Amino acid sequence: MNEITYDRIKESLEALKLRHTLEALDNYMERAMKDELNIVEVLDHIFTQEALDKRRRACEQQVQMSGFPMKKALADFDFSFQPSIDRKQNAQ
């Protein structure tokens, strides 16, 4: 791939706000060449990672917009404070 095409791809990724792909493009291309992946495999990996990143950002934004006083996760829950809750049931 020549330099002009590569630059145009980067500009397009930036215009489309595909930040994750833009940041990891060099690694993707290197992996594709090393593993001799075809274009469909490369696109599958790129789009899967971009979709995961988009979902993560959306979740973070929703939590931020919720106005909760602090961020908590189930892993932070103090089961000793509420012994009637079965820890095994919540691990599923």
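These numbers come from a predicted model, not from an experiment.
Among pairs with a residue in residues 52-71, none fulfils ring pair (Phe, Tyr, Trp, His ring centres under 6.0 Å), at least two apart in sequence or across chains.
Put simply, CZ on Arg55 and CD on Glu50 are 11.0 Å apart, with the number rounded to the nearest 0.5 Å. Between atom CG of residue Asp26 and atom OH of residue Tyr6 there is a gap of 3.5 Å, rounded to the nearest 0.5 Å. From Ser66, atom OG reaches atom NZ of Lys71 across 10.0 Å, with rounding to the nearest 0.5 Å. From Arg8, atom CZ reaches atom NZ of Lys10 across 14.0 Å, with rounding to the nearest 0.5 Å.
Applying the side chain to side chain donor-acceptor pair (under 3.5 Å) criterion to Gln49, with sequence neighbours excluded, gives no partner residue. Under the rule for a side chain to side chain contact (heavy atoms under 4.5 Å, CB included), the partners of Asp44 that lie at least two apart in sequence or sit in another chain are Thr48. Every salt bridge (charged side-chain N to carboxylate O under 4.0 Å, His left out) that Asp53 has, sequence neighbours left out, goes to Arg56, Arg57. In this view, Leu13 and Ile9, Leu18, Thr21, Leu22, Leu25 satisfy the side chain to side chain contact (heavy atoms under 4.5 Å, CB included) rule, not counting sequence neighbours.
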Side-chain donor/acceptor pairs under 3.5 Å, residues 28-39, sequence neighbours excluded:
from, atom 1, to, atom 2, distance (Å)
Tyr28, OH, His20, NE2, 3.3
Asn38, OD1, Val40, N, 2.9
Asn38, OD1, Glu41, N, 2.9

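Judged purely by atom type and a 3.5 angstrom limit, Asp76 uses its side chain to pair as donor or acceptor with the backbone of Ala73.
A 6.0 Å sphere centred on CD of Glu60 holds more than 12 heavy atoms belonging to other residues, nucleotides or ligands.
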